[in-house]
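None of these values were measured; they are calculated from a predicted model. Chain A is the first sequence line, chain B the second, and so forth, proteins listed ahead of strands; every chain is numbered from 1.
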There are 2 protein chains.
Amino acid sequence: MRVTIYDVAREANVSLATVSRVLNNSPHVRESTRRRVQEAIDKLGFEPNLVASALMTKRTRLVALLVPDISNPFYAEVARGVEDAAAELGYNCVICNVGGDTAKQAEYVNVLRRKGIDGMIFGTANYDDKLVLDLSRGSYPLTLMARDVPAAEVNRVLVDDGAGGAMAARHLLELGHRRLAMVTEPGGIHSSQERARGFREALDEAARDGVEAVYLEAEGSDIAAGLAAGRRLLDMTPRPTAVFAANDLLAIGILQAAREADTRVPDDLSVVGFDGTVMADVTQPPLTTIVQPMRDMGKAAVRLLVETLQNGGEHQRIVMSPELRVAGTTAAYRPARPAAN
Amino acid sequence: MRVTIYDVAREANVSLATVSRVLNNSPHVRESTRRRVQEAIDKLGFEPNLVASALMTKRTRLVALLVPDISNPFYAEVARGVEDAAAELGYNCVICNVGGDTAKQAEYVNVLRRKGIDGMIFGTANYDDKLVLDLSRGSYPLTLMARDVPAAEVNRVLVDDGAGGAMAARHLLELGHRRLAMVTEPGGIHSSQERARGFREALDEAARDGVEAVYLEAEGSDIAAGLAAGRRLLDMTPRPTAVFAANDLLAIGILQAAREADTRVPDDLSVVGFDGTVMADVTQPPLTTIVQPMRDMGKAAVRLLVETLQNGGEHQRIVMSPELRVAGTTAAYRPARPAAN
DNA sequence: ACGGGCACCGAAACCGCTTTCATCCGCGCT
DNA sequence: AGCGCGGATGAAAGCGGTTTCGGTGCCCGT
């Protein structure tokens with residue numbers, strides 16, 4: 001049987017209450033008794049059972065992170081930030097892969113709450129997520145990551161997707177490209193739409209000198225979808241000279257399509273991605289991309305969550321800025337295509 | 001105040017004990033009472049507090065996964081498998097990034113135990129990890145992943161690293177390479193040494209026809225370390241025509257070094273990696289590598305853990321086989337280097 | 001000398017569930 | 001009719017802490 005607070009009390013000749021006070025650094029305990037208790041604790045090697053404590057205090061110091069898929073480098077990077085910050089603040093972090101499955105997500109949330117998890121970070125909410133709305137109404141501590149649910153009363157850590165899209169557009173325009181394409185993620189993925197909006201608006205602003213743009217919706221968010229979209233793109237006439245993909249994986253797929261078609265990147269086609277995961281560093285050439293501060297986003301998410309856990313105050317909203325990282329897949333537009341290589 | 005088992009008892013006109021029996025599917029309750037209780041539960045929307053239950057049963061249905069870094073694609077993939085299997089078995093999974101820090105790891109283990117985590121999966125043990133040995137002596141449920149601690153009484157899920165190394169060797173020999181190199185991870189990383197051993201032994205076996213091999217220890221396990229090692233490698237005379245790297249990141253670094261040096265892969269240099277992470281798919285050319293069944297390893301690790309959690313039986317040991325995946329970075333040795341391109 | 005206030009501490013209730021143990025009841029058997 | 005038995009149920013004791021509430025003892029002011 002493990003040593004309990006009771007054993008300590010007896011050893012130190014005090015009551016349970018006093019031991020508990022010492023454990024919790026209550027100010028109302030004489031220095032001499034505190035020392036006596038501490039000695040008993042050390043002598044017996046007592047380690048408080050946090051489950052028991054949680055039953056009374058209703059705090060497990062556990063938070064959950066819900067993501068579509070932890071093996072996706074973007075979420076892995078976010079998770080790293082989350083766990084780092086959580087650990088620093090004395091929390092542990094349970095991870096859940098919910099895929100795209102709403103029912104699964106609800107099930108997770110249910111058991112997590114029963115297990116006493118103090119709060120959650122959603123990296124996976126839909127635009128009008130019913131679950132998030134319900135939780136927020138029940139004032140369960142929440143912070144949303146990267147995806148917003150406008151109607152909910154919760155914390156949020158977002159990235160300015162619109163600004164990111166605009167960065168991509170301006171970068172390509174500055175390189176002299178005038179026939180552009182954008183490949184978006186399918187369906188109602190809000191961030192993808194925002195990126196497209198920012199991209200379009202930045203183009204419109206510069207439209208005086210005849211910029212054309214075509215928008216393609218991919219069938220998925222992964223490399224395969226990017227490959228398919230890339231093929232379609234390269235079949236167009238006239239062909240775009242530059243393309244902006246809503247995430248790195250799509251961009252990588254497009255690189256592969258270009259290689260298939262013997263289209264040289266960046267000579268014949270410039271490509272810009274979005275996210276800035278490690279994957280962008282290992283392509284050849286390395287991918288020019290709009291990078292999100294993934295780790296910092298994760299850290300900020302926990303900080304907000306823990307803040308409301310401890311002070312319960314107003315919900316906060318943090319919007320982070322993405323950054324253009326120019327690498328090898330973008331180059332100045334060259335009007336005359338060189339003779340067949 | 002949330003509804004408790006006590007409210008249900010009153011509503012259904014039974015005692016707490018009976019409600020508890022219904023909740024736990026105890027056989028000793030008459031069908032009619034079971035139904036009555038169930039109705040009360042539904043009516044009140046009762047959801048059992050698992051913290052309270054854990055206090056009594058000593059089971060939180062929480063397991064922990066300790067890895068050096070979740071943002072490393074290898075561990076992210078493993079984590080995915082772990083979480084999937086855990087969820088299937090009714091467990092949740094807390095993730096910890098321990099880096100290489102032994103003290104940090106001990107600290108994690110300490111608070112996890114206090115929080116009542118049922119068992120742990122170590123993806124991060126050293127060869128003679130003191131902590132693992134202590135835990136195993138205290139018969140705390142454990143399973144080791146990918147890294148072994150021979151002296152410990154625990155479950156383990158391993159990959160046959162030696163066999164993997166041998167596969168790499170045989171593949172390169174079959175392609176006609178005779179001047180080989182291997183780049184290992186630094187220090188006492190057991191798996192890396194095993195891979196080297198398997199590689200060497202397979203070479204020795206075929207050594208009759210004059211095979212040379214050089215072994216290089218990288219300064220780290222990441223791309224940068226691979227790049228540095230690659231540079232050294234390419235400076236050698238005579239230069240190896242094929243290289244086996246102890247992991248994909250090192251291999252990718254070597255590819256980058258080759259590109260710097262205008263050495264064509266696979267024409268002038270064949271490269272084999274180890275792991276089979278997504279990163280191997282996005283290099284150009286895609287990396288030939290020895291793939292580990294990362295997800296399955298994660299799943300198996302949880303299954304063993306949960307098994308000993310529930311039945312407490314003998315500790316098991318599973319050794320999985322890696323597989324050679326031939327992609328674009330390996331090609332037949334061409335004795336005469338073609339004229340300058 | 002005496003009342004009031006404060007710092008410190010202990011007794012006991014409590015968090016919400018599980019589990020043991022005793023009780024009760026109905027039934028079959030002799 | 002009396003007895004033993006087994007299955008269903010309830011009372012109560014935990015699990016290991018936290019927290020409230022009240023009681024000391026001591027110091028201070030008057």
Is the distance from OP1 or OP2 of D:dG16 to the nearest side-chain N or O of B:Lys58 less than 4.0 Å? yes
Residues of residues 9-23 of chain A with a heavy atom under 4.0 Å from any atom of DNA chain C, listed by number, are A:Asn13, A:Val14, A:Ser15, A:Ala17, A:Thr18, A:Arg21
Atom CG of A:Leu55 to atom P of C:dC15: distance rounded to whole Å? 9 Å
Using whole Å, what does the distance between atom P of nucleotide C:dC15 and atom NZ of A:Lys115 come to? 24 Å
In whole Å, I'd like the distance from the CD atom of B:Glu47 to the P atom of C:dG16. 14 Å
Calculate the interatomic distance between B:Ile5 atom CD1 and C:dC15 atom C1'; express it in whole Å. 13 Å
Take atom CG of A:Leu50 and atom C1' of D:dG16, then tell me their distance rounded to the nearest Å. 11 Å
Just by distance, do the side chain of B:Lys115 and the backbone of A:Arg61 share a donor-acceptor pair under 3.5 Å? yes
How many Å lie between CE on A:Met56 and P on D:dG14, as a whole number? 19 Å
So if I take every side-chain heavy atom of A:Asn24 and compare against D:dT18, C:dT18, C:dG16, which nucleotide ends up nearest? D:dT18
Measuring from A:Ile41:CD1 to A:Arg36:CZ, what's the distance to the nearest 0.5 Å? 12.0 Å
Phosphate oxygens OP1/OP2 of D:dC15: is one of them under 4.0 Å from a side-chain N or O of A:Asn49? no
Not counting sequence neighbours, which residues clear salt bridge (Lys or Arg N to Asp or Glu O under 4.0 Å) with A:Lys43? List them please. A:Glu11
Could you state the CZ-P distance from B:Arg2 to C:dG16, rounded to the nearest angstrom? 9 Å
Derivation and outcome, salt bridge (charged side-chain N to carboxylate O under 4.0 Å, His left out), residues A:Arg34 and A:Glu31: CA-CA 5 Å; A:Arg34 179 186 304 280; A:Glu31 194 45 39; 3.7 Å; yes
Distance check needed: D:dG16 P versus A:Asp7 CG, whole Å only. 9 Å
Those residues that, when tested against A:Glu314, pass salt bridge (Lys or Arg N to Asp or Glu O under 4.0 Å) (two or more places apart): none
When you compare the protein's N or O atoms with those of nucleotides 25-28 of chain D, which come within less than 3.5 Å of each other, and at what distance?
none

Beyond-backbone contact of B:Cys93 with A:Val94, side-chain heavy atoms, under 4.5 angstrom: no
Salt bridge (charged side-chain N to carboxylate O under 4.0 Å, His left out) evaluation trace for B:Asp148 with B:Arg317: CA-CA 10 Å; B:Asp148 200 2; B:Arg317 171 195 184 90; 3.8 Å; yes
Over 12 non-hydrogen atoms of neighbours within 6.0 angstrom of CD in A:Glu47: yes
Does the B:Arg295 side chain pair with the main chain of B:Pro293, one donor and one acceptor, at a distance under 3.5 Å? no
Got a second to check how far B:Asp118's CG is from B:Leu62's CG, nearest 0.5 Å? 7.0 Å
Does anything in residues 27-39 of chain B come within less than 4.0 Å of DNA chain D? Heavy atoms only, and list the residues if so. B:His28, B:Val29, B:Arg30, B:Thr33
Within residues 80-102 of chain B or reaching into it, pairs that qualify as salt bridge (Lys or Arg N to Asp or Glu O under 4.0 Å) - sequence neighbours excluded: A:Asp69-B:Arg80, B:Arg80-B:Asp84
